[in-house]
Number of protein chains: 2
Amino acid sequence: MEFSIDTKSGVPFYRQVIEQVKFAIARGVLTTGDRLPTVRQLAVDLSINPNTVIRAYRELEIEGILETQQGSGTFVGNHRPEIDELEKQRMLDQILTDLLARATAYGLSLDDVLAQLKQRKEASR
Amino acid sequence: MEFSIDTKSGVPFYRQVIEQVKFAIARGVLTTGDRLPTVRQLAVDLSINPNTVIRAYRELEIEGILETQQGSGTFVGNHRPEIDELEKQRMLDQILTDLLARATAYGLSLDDVLAQLKQRKEASR
DNA sequence: GCTATTGTACTAGTCTACTAGTACAACAAC
DNA sequence: GTTGTTGTACTAGTAGACTAGTACAATAGC
């Protein structure tokens with residue numbers, strides 16, 4: 001997993017990191033259980049401050065996408081031991097509700113979303 | 001045409017004005033040739049600075065939605081506010097990436113998402 | 001326990017978006 | 001041309017977002 005920062009784009013560094021992590025997960029490059037670069041390592045690689053990396057990781061953690069464990073690192077996924085099927089279902093429901101809310105706010109329909117999603121499925125083969 | 005500003009929303013004043021003008025046009029409350037409140041009048045009404053109103057009007061003028069004529073006022077042009085298709089596509093892409101990242105983190109696959117989404121579509125009939 | 005590695009808190013500097021104050025310029029109406 | 005109306009330019013203050021420096025705390029592995 002290669003990260004990069006465009007210092008001239010005007011997009012905040014931490015936001016660029018966030019987008020790249022999400023993108024990698026969405027495309028399957030990163031998946032549940034994978035370990036991300038350490039805060040320090042990534043900071044050095046990108047020539048930015050560790051706190052900036054932290055900020056990105058933390059925001060992703062709040063969204064439930066990452067999990068951090070001091071001493072061992074930052075990982076993809078939500079490892080709460082007992083996520084039963086019911087809760088999983090509820091979470092999916094929640095995620096979809098959020099999705100549709102955002103989509104409709106931009107004038108996008110459920111069909112638009114479905115079509116695009118199918119296209120991604122094809123592309124991922 | 002009534003304007004209002006929510007000073008506590010955190011949304012910039014000029015942006016609130018922009019949205020309200022666009023909304024009014026979309027609803028037909030304002031239409032081609034209509035005259036908007038003068039910069040000064042609106043500034044007084046909303047207890048904001050004339051320059052803030054200017055900023056809103058100008059941005060709308062750049063989009064081709066308004067036309068200003070010094071000495072006589074600001075008017076609604078005949079250029080409907082249009083939805084940028086490219087922007088829309090980009091937004092959808094962004095939303096889907098977010099969605100899949102979150103879903104993956106909870107151990108949900110693209111297929112899970114697709115299935116559930118189809119179900120929603122059925123249900124919405 | 002010791003050490004190395006991990007993430008974290010606190011603080012401060014910098015830059016930009018936003019807003020406002022004040023003075024100016026163009027046009028319409030007479 | 002004079003007057004009153006309209007929009008405008010220029011400047012500056014303020015607040016918040018962003019980033020970095022430095023020192024600290026928790027954990028893993030031995």
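Every chain is numbered from 1 and lettered A, B, ... according to where its sequence line falls, protein lines coming before strand lines. The model shown is predicted, which means the values in this text are computed figures rather than measured ones.
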Using five base pairs at each end, measure the axis-to-axis angle across the helix from C:dG1-D:dC30 to C:dC30-D:dG1 and round it to 10 degrees.
30°
Between A:Arg40 and A:Phe13, who's closer to the 5' end of DNA chain D by nearest nucleotide?
A:Phe13
Measure from CD on A:Glu61 to C1' on C:dT6 and round the result to the nearest Å.
14 Å
More than 12 heavy atoms of other residues, nucleotides or ligands under 6.0 Å from CZ of B:Phe75: is that the case?
yes
Within this structure, what is the CZ-to-P distance between A:Arg15 and D:dA17, rounded to whole angstrom?
12 Å
Whole-Å distance between C:dT6 P and A:Gln41 CD?
8 Å
Does any N or O in the side chain of B:Ser72 come within less than 3.5 Å of the main-chain N or O of B:Gln69, such that one atom is a donor and the other an acceptor?
yes
Going by an N to O cut-off under 4.0 Å, is there a salt bridge joining B:Arg90 and B:Glu87?
yes
Atom-to-atom span, CG of B:Asp6 to P of C:dT19 - whole angstrom:
12 Å
May I have the distance from B:Asn49 (atom CG) to D:dC10 (atom C1'), rounded to whole angstrom?
13 Å
Heteroatom pairs (N/O) under 3.5 angstrom, protein to nucleotides 26-30 of chain D:
| residue | atom | partner | partner atom | Å |
| --- | --- | --- | --- | --- |
| D:dA26 | O4' | A:Gln70 | NE2 | 2.8 |
| D:dT27 | O4' | A:Gln70 | O | 3.3 |

Can you find a heavy atom in the side chain of B:Val53 that is under 4.5 Å from one in the side chain of B:Phe13?
no
Separation of B:Ile62 atom CD1 from D:dT8 atom P, in whole Å?
11 Å
Would you mind reading off the distance between A:Lys8 atom NZ and C:dC15 atom P, rounded to a whole angstrom?
18 Å
Side chains of A:Gln89 and B:Gln116 only: does a donor on one sit below 3.5 Å from an acceptor on the other?
yes
State, without any angle test, whether A:Thr97 and A:Gln94 hold a side-chain donor-acceptor pair at a distance under 3.5 Å.
no
Ignoring hydrogens and angles, state whether a donor on the side chain of A:Arg27 or B:Thr104 is under 3.5 Å from an acceptor on the partner side chain.
no
Does D:dC18 have OP1 or OP2 under 4.0 Å away from a side-chain N or O of A:Tyr14?
yes
B:Glu122 atom CD: more than 12 heavy-atom contacts under 6.0 Å
yes
Between A:Asn49 and A:Thr52, is any side-chain donor less than 3.5 angstrom from a side-chain acceptor?
no
Report which part of the nucleic acid B:Arg35 touches: base, sugar-phosphate, or nothing (heavy-atom distance under 4.0 Å, all strands).
sugar-phosphate
Please check the phosphate of C:dT8 (OP1 and OP2 only) for any side-chain N or O of A:Thr68 closer than 4.0 Å.
yes
Whole angstrom value for the distance that separates P of D:dA17 from CD1 of A:Ile18:
14 Å
Would you say the side-chain atoms of A:Asp6 and A:Gln16 include a donor-acceptor pair closer than 3.5 Å?
no
Does the B:Asp98 side chain pair with the main chain of B:Ile95, one donor and one acceptor, at a distance under 3.5 Å?
no
Please give me every residue in residues 50-59 of chain B whose heavy atoms get under 4.0 Å of an atom in DNA chain C, ordered by residue number.
B:Asn51, B:Thr52, B:Arg55
So, does A:Thr74 get its side chain near the phosphate of C:dG7, meaning an N or O under 4.0 Å from OP1 or OP2?
yes
Side chain to side chain, B:Arg55 and B:Pro12, heavy atoms closer than 4.5 Å
no
